[in-house]
Amino acid sequence: MIQTGATVLHNFDYKLRVAYDRWLDAHQGCHLSEVPEHDLKVEYADLLQRNQGQLFAYLHSLVRDLDDADDLFQQTSIVLWRQFRNYDRTRKFLPWACGVARLEVANFLRSRSRKRLYFSDELSLLLIDTQEKIEIDSFEDRREALSECVEKLRPRDRELLDECYGNSSGIGEAAVRRGRIPQSVHNSLRRIRRSLFECIHRTISTQAHGRENA
Amino acid sequence: MSINDIPADLLDLFDDYIAGELNEDGISRLNDLLVKDEHARRCFILYSRTHTDLYAVARANRASHAALSALATLSSDPNKETQPSSAEPERSTQQALPQPFRRNSLRTWLAPLATAAMLIVGVFVYQSQTSAVSVQIAWIQNAQNCKWHLDLPPTGDMYSGRSLQLESGLVEIGFESGASIILQGPATLELLTANSARLRFGKLAAKVPKSAHGFTVLSPEGKIIDLGTEFVMSVAKNGSTEVYVDKGEVQALGNKSEAQKVVHVKEKEGILLADGAVSRRPSQDSSPTQFIRQITLPPIIAPRRVTLDFKETVSGSLADADGLGTGLTHRLPGTGKRMLQHDTNLKLNIEKGQLELTTTDSDINRRYKLEQGEYLGFRLSDFGFTGTEDFSIAVTIPEIPELAAVGQFGLFAGTRNDRSIRGGLIRDNTATAKNSTDKNVTIYQQFMANNNGGSDSNGFFVGLYASGEDMQMTLRRTAGKYFLTVGNHKGANTIDIKHPEFLNGEKDIFLGLYGANTQSNTPQMIIIKKIEVTVWEQLKYAPLAALERK
C-alpha cells in the first residue's frame, strides 16, 4: 500500500516542504499579528506550493544535476520571497518565478567555468514561455501515470532505475555491479525512459477515453 | 504525447543531454533546435520532466523499502502487541476512543509504517544536506471515526505543505497560532503556515482566538481572513465556497477581486465565493446545521470486573462442603433451596486452583427439581449494573466430563428460575464417537435457549464437542444482545438466538454457571479453573474522571 503513486509522490514533495520550512524558519521575524505581512506570507506559501513541482523541474532541466537543482530551488524560493512585495499580481506566478530562477541559474553558471555546457539565456526564456502553455494538470496526471508505469516494468529494469535514480553515484555503481560499461547502462536507461514515456501516453489516453465514455 | 511524436534525432539529443554526454557542439546544436521550434521545446519539457519525476519515484521507493524493513523490526517486538481478553466483547475495544487508532486494526500497523516512511523519506532525501529540522505547524487534537486517504493518517508530519485527505470522519486540528478547526470528511486541507491553510474541498468549522487574529483559509475561489471569530465554510467540488459567520467578523476576498474590495462579513451573515468574486447571501436567522462544530466523544465505557481463580477463599461468599468461601455470591433465585449452607456439591481446591462442582439432577426446562439445582453466580447490581449496561461471564473448564443424556452445563443470565437465557453444552443422546485412542467418548452439542415462564423456547443446537476436551465458554450481552461462545483448542463458535425481550430493562439480573445431570442418577464433577464477570459501565465523564473514581 505504501508504494502507490500518490503516496510516493507525496513523500517526494516532502523535500520541497522542508526547503520551505527552512525558509519559514529563516523568516520568523515576520509577526503573524501584523496582518499585511502575514497575509503576504500566506499568499506566497500558497503560490509556491502550487507551483513548486514546475519550478523544480524547470531548474532541473537547465542544470541537469539534482543536487544543483535542490540548491537553486532553495536559493530561488528565498529570492522570490524577498521580491514578493514587488511581484506584479496581474502576471502569473510561475513565469515570474521561473524568470527569477533563470537569473539564479545564470548567477550559478557564472561561478562555473563550463558555461558553454548549458543552454543559452534565450532558450531559458523560451522554455518558460512554452512551459506556460502546457496545462499544470497534465503534469500532475503524468506524474501519477509514471508511478503506475514504473510498477509495470520488468523487475530487472525497475531495479536498474532504482539504483541509478535512487542515488547520485548510481550509474557508475550499477555498471560495476553488472560488469558493464557505464555507456551500456546509459543505453538501458534510455530504453526504459522511452518506454515509460510511451506508457504515460497510453495511460493518459486510456483515462481520457474512459472519462469520455463515462 | 507519444514517444513517436518526438523526432528520432531530437530524442537522441535529449537522452545525451540528460546523461551529460553532450559536448559543447552537441549542446549548441540542441540549443539551436529548441530555440527554433516550439514543438521541440514542448517535447523537451515533457521528456525532461519524466526524467525529473523518475528521481522522485526512485527515491521515494527506496524510502518505502527502508520503511518496510523498519516495520519488520517493529513488529518483531512482542511487547508492543496487546491482545484483548478473549472474554472481552469487541465493542469495548471499539469504544476506546478518543485514541486515534484501535487495537488490532489495520491502522495500528499502518501508523508506525507511515511514520517510519515519513521519517526515512525525510532523512533519505536530505541525506546530503545539513540538519534540516522541519517544524510542525499544526497538531491533531481530536479525531472521530477517521478514514484517511490510502489509510495514511498524519502522524507527526503536519508541516507546511502537508495535504490532509480525510475520506470520512471528523478531525480537530490545532494550529500553532492557537486557531483550531474541525474538518469534516470527505475533505482535503493543505497546511500552509502556522496560521493558515487551504481548503480544497469539503467542510470545516473554525474557532479563532485573539492570538490567532488573521487566521486565513484559502479556497479555490478566494480567501477568508478571520478577525477573531467562529465561522464555518464549505468548498464544493467545483471550488465554489460558502462561508457563514457564527460569531464576530471575517474578511472575504475573491481570487479575481482587487485587494481593496475586501468584503466584511459580520455575525450571522453568509457569503458565496464563486467565479473569483464574493457575493452576499440573504441573511439567515439560524446558523447552517450541516456543519459539525464540536467533536462529541462517544460514551466512555469502563469495565468493572471480578476474576476468580480459586486460589484463595473469599469470605462472605457461597461456602463449599468445608465451609470455604468460593467467591460465588448468589444462586439464581428459585434454585438450590435445599442446598445446605456448606454446599456438599462444591469443593474449593485451593492447591490446584479450581472449583469442583458435582452436578445434580435438575433442569431449568419445566422447572425440574430446581430446589436441588446448582445455578451459581453473581448478582449484577453488585457490579454497578443498573439495567442498561452490557456484561459477560467467561469460564474455563478443562476436561469436559462424561454426563449421561441429557446432562448439561453452561452459563445463565436471568432474574429467577423461570426467566432466563442460558446456554452451554448438552449431552447428545444420539451421537456416539471414538477418540483418537479408540476410546468411546461422550458427544455434546452447543446450545442456547430462552426460558420465560418455565419452559424452554427458541432452542438452538449446533456443533459437536467430545468429553475430555478443554474448553472456554462465554455468555455476553453486547449492545443489549446475547451471545454464547464456546471454544477449544481447535477454535471457537459463537451462537445467538431470538432476543429474550422479557429481560429488557430488568435491573436485578443474576449471572452464573450451572451443571446438571438432568434425567439421570449419575452425578459428574465439573472442574472450573477460572470465572470472570464483567459489567461495562457507561461513564458520563472523561476518562480522567473515570480514573479518579477508581
Side-chain angles (χ1 to χ4, degrees), chain A residues 1-4 6-18 20-22 24-25 32-33 35 38-39 41-42 45-46 49 56-57 60-61 64 66-67 116-120 122-123 126-127 130-131 134 139 142-143 146-147 150 161-162 165-166 186 190 193-194 196-198 200-201, chain B residues 1-3 11 15 18-21 24 27 31 34-35 38 41-42 45 47-64 67-68 113 117-118 121-122 125-126 128 132 134-135 150-152 159-163 177 190 192-196 198 213-214 216 218 225:
Chain A
M1 273 307 286
I2 192 84
Q3 291 202 46
T4 58
T7 319
V8 162
L9 294 169
H10 168 78
N11 287 345
F12 183 62
D13 280 344
Y14 183 91
K15 66 187 299 186
L16 303 176
R17 295 210 305 275
V18 173
Y20 174 65
D21 275 346
R22 296 170 99 195
L24 264 188
D25 285 350
L32 295 177
S33 55
V35 175
H38 162 62
D39 229 25
K41 202 193 256 185
V42 172
D46 178 41
Q49 195 201 316
F56 185 84
H60 190 219
S61 75
R64 295 192 299 274
L66 199 66
D67 293 331
R116 285 185 185 163
L117 287 179
Y118 296 90
F119 289 152
S120 64
E122 183 191 13
L123 178 56
L126 283 169
L127 285 172
T130 307
Q131 176 174 265
I134 304 173
F139 286 113
R142 293 182 69 87
R143 255 166 62 143
L146 176 64
S147 292
V150 167
L161 265 193
D162 187 48
Y165 278 88
H186 274 300
R190 167 183 306 232
R193 215 161 31 226
R194 290 178 185 192
L196 287 173
F197 193 85
E198 186 59 15
I200 292 171
H201 169 66
Chain B
M1 178 183 292
S2 163
I3 195 80
L11 194 56
D15 277 321
I18 283 171
E21 289 176 343
E24 281 182 26
I27 294 270
N31 197 91
L34 292 178
V35 167
E38 171 142 20
R41 286 200 295 279
R42 212 181 158 85
I45 288 169
Y47 196 73
S48 68
R49 179 67 191 251
T50 303
H51 171 63
T52 303
D53 287 345
L54 270 172
Y55 277 107
V57 174
R59 297 205 172 194
N61 271 348
R62 289 203 149 207
S64 297
L68 286 169
L113 175 63
M118 295 310 279
V121 169
V125 171
Y126 273 86
S128 61
S134 297
V135 181
L150 300 174
D151 273 332
L152 283 177
Y159 307 113
S160 176
R162 174 72 152 101
S163 171
S177 61
E190 284 166 13
L192 289 175
T193 69
N195 204 27
S196 65
R198 176 145 45 103
H213 188 91
T216 305
L218 307 184
I225 304 155

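Chain identifiers are assigned alphabetically (A, B, ...) following the order of the sequence lines, protein sequences preceding nucleic acid strands; residue numbering begins at 1 within each chain.
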Fill in: side-chain contact (heavy atoms from CB on, under 4.5 Å) between B:Ile3 and A:His201, worked out
CA-CA 8 Å; B:Ile3 195 80; A:His201 169 66; over 6 Å; no

Discussion item. Quick check on A:Leu196 against chain B: is it the side chain, the backbone, both or neither that has a heavy atom closer than 4.5 Å?
Written reply: side chain

Practice prompt. Output the option from B:Asp15, B:Thr50, B:Ile18, B:Ile27 having the highest count of non-hydrogen pairs under 4.5 Å with chain A.
Written response: B:Asp15

Worksheet item: Side chain, backbone, both or neither: which part of B:Leu34 has an atom under 4.5 Å from a heavy atom of chain A?
Response: both

Worksheet item: Under a 4.5 Å heavy-atom cutoff, which of A:Ile200, A:Leu146, A:Thr130, A:Leu161 has the most pairs with chain B?
Response: A:Thr130

Fill in: Most chain A-contacting option - heavy-atom pairs closer than 4.5 Å, from B:Glu38, B:Arg42, B:Arg41
B:Arg41

Worksheet item: Ion pair present between A:Arg142 and B:Asp53, side-chain N to carboxylate O less than 4.0 angstrom?
Response: no

Worksheet entry | Results of salt bridge (Lys or Arg N to Asp or Glu O under 4.0 Å) for A:Arg190 - residues two or more places apart only | B:Asp16, B:Glu21

Item to complete: Sort B:Arg198 into side chain, backbone, both or neither according to what part of it lies under 4.5 angstrom from a heavy atom of chain A.
Response: side chain

Worksheet entry | Residues B:Thr52, A:Tyr165; criterion side-chain contact (heavy atoms from CB on, under 4.5 Å); working and verdict | CA-CA 9 Å; B:Thr52 303; A:Tyr165 278 88; over 6 Å; no

Worksheet item: Is A:Arg194 positioned over the aromatic face of B:Tyr47, cation under 6.0 angstrom from the ring centre and no more than 45 degrees off axis?
Response: no

